[in-house]
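For reference, the structure discussed in these notes is given below.
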Amino acid sequence: MDDIRLKITEAARMAGVSASTLRLWESQGLIEPLRSATGQRLFDRTLMDRLKTIGWLRTEKGLNPAAIREVLKDESEPALPVETQAVPVEGGPAPAIGAKIRHLRRQAGRTLQSVADETGIALSLLSSFERISQGLSLPALHALAACFGTTLAALSGQEGGEHRQSLVRAGQWTAWPATASGVTIQPLAEGRHQMECHRFVLAPGASSEGAYRHEGEEFMHILQGRMQIVLDGDQFFDLAAGDSFTFESTRFHAWRNLHEAETVLIWINTPATF
């Protein structure tokens with residue numbers, strides 16, 4: 001979605017709200033859409049990330065516009081005392097993804113601004129994500145993982161060690177820490193493998209909130225519901241229960257749940273670049 005500019009109706013659909021809600025957020029000073037030469041509101045990847053954060057803070061945290069503005073405002077990062085810095089501890093509880101990103105960034109001697117510049121993620125969103133591990137779309141999370149030479153599986157603590165075999169019983173799926181609204185990702189194979197096998201559960205209206213790409217190939221099989229996948233911004237494929245689909249991960253891909261209820265699918269990436 002790097003070069004894509006969405007109109008307000010498209011942005012609203014991908015954010016799971018109405019166009020009038022986006023206009024309201026604009027009047028409240030929460031967003032400032034881009035403008036075309038004719039004055040049309042346009043939304044790029046950074047703005048879509050911001051919409052996701054606003055929606056999550058509004059629905060999950062119950063914050064009012066003033067409080068949301070406070071969370072999202074650009075601010076210089078305060079220096080944290082050593083004892084409060086989130087550092088993974090071997091044998092201890094796994095830190096949240098945001099805390100892991102903060103640790104990797106500080107370990108690399110990077111500033112929030114330099115990471116924001118490299119990934120295209122708004123500084124305020126990046127700062128907020130390090131604190132609450134929420135608000136970034138999957139495309140933004142992919143960009144962030146790539147920035148530090150890792151994967152979402154590793155950041156989610158699901159990569160684990162080497163396993164020659166893996167048995168996951170029906171109904172006993174674990175799940176990645178929730179970072180995207182309405183998207184549940186459940187690993188179907190433990191340990192480090194050439195394939196990343198996941199069970200995706202998409203709530204009504206859930207989407208990737210933008211396009212992303214990475215190395216490898218992908219396979220998906222729809223177990224229930226309906227979803228749409230868009231390749232390269234202009235090729236649309238509507239998939240129903242029983243359908244399978246494969247494509248090269250290097251192509252920009254975006255997706256959304258078309259079903260009025262949950263859509264469930266098996267999604268496999270190879271090699272392990274997700």
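Hydrogens, waters and symmetry mates play no part in the numbers below; they use all other heavy atoms, side chains included.
- Between H214 and N269, the closest side-chain pair of non-hydrogen atoms falls below 4.5 Å.
- Between R23 and I8 the shortest side-chain heavy-atom distance falls below 4.5 Å.
- The side-chain heavy atoms of F43 and R5, taken from C-beta on, include no pair separated by under 4.5 Å.
- Using cut-offs of 30° and 60° on the angle between ring planes, the pair H221 and F219 is parallel.
- Within the model, atoms CD1 of I229 and NE2 of H253 stand 6.5 Å from one another, a figure rounded to the nearest 0.5 Å.
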Report task. For R131 and S127, run side chain to side chain donor-acceptor pair (under 3.5 Å): C-alpha distance rounded to whole Å, both residues' side-chain angles, the deciding distance at 0.1 Å, then the answer. Result -> CA-CA 7 Å; R131 295 195 303 272; S127 177; 2.9 Å; yes
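- The cluster map of Ile, Leu, Val, Met, Phe, Trp and Tyr, joined by side-chain heavy atoms under 4.5 Å apart, puts L258 and I222 in different clusters.
- At a threshold of 4.5 Å between non-hydrogen side-chain atoms, the residues V115 and L144 count as touching.
- Considering CZ of R213 and OG of S249, their distance stands at 11.5 Å, rounded to 0.5 Å.
- Between the side chain of S208 and the main chain of P139, no donor-acceptor pair closer than 3.5 Å is present.
- Ring geometry for F200 versus W267: interplanar angle of 30 to 60°, hence tilted.
- Proximity of L188 to H198: side-chain heavy atoms (C-beta onward) are nowhere separated by under 4.5 Å.
- Shown here for L223 and A241, the closest heavy-atom pair between the two residues is O-CB, 3.8 Å.
- Linking Ile, Leu, Val, Met, Phe, Trp and Tyr whenever their side-chain heavy atoms come within less than 4.5 Å leaves V230 and M227 in two separate clusters.
- No side-chain heavy atom of D232 sits under 4.5 Å from any side-chain heavy atom of F247.
- Under the 4.5 Å side-chain criterion, counting only non-hydrogen atoms from C-beta, R50 is in contact with I31.
- Taking 4.5 Å as the limit, every side-chain heavy atom of F237 sits out of range of all side-chain heavy atoms of D243.
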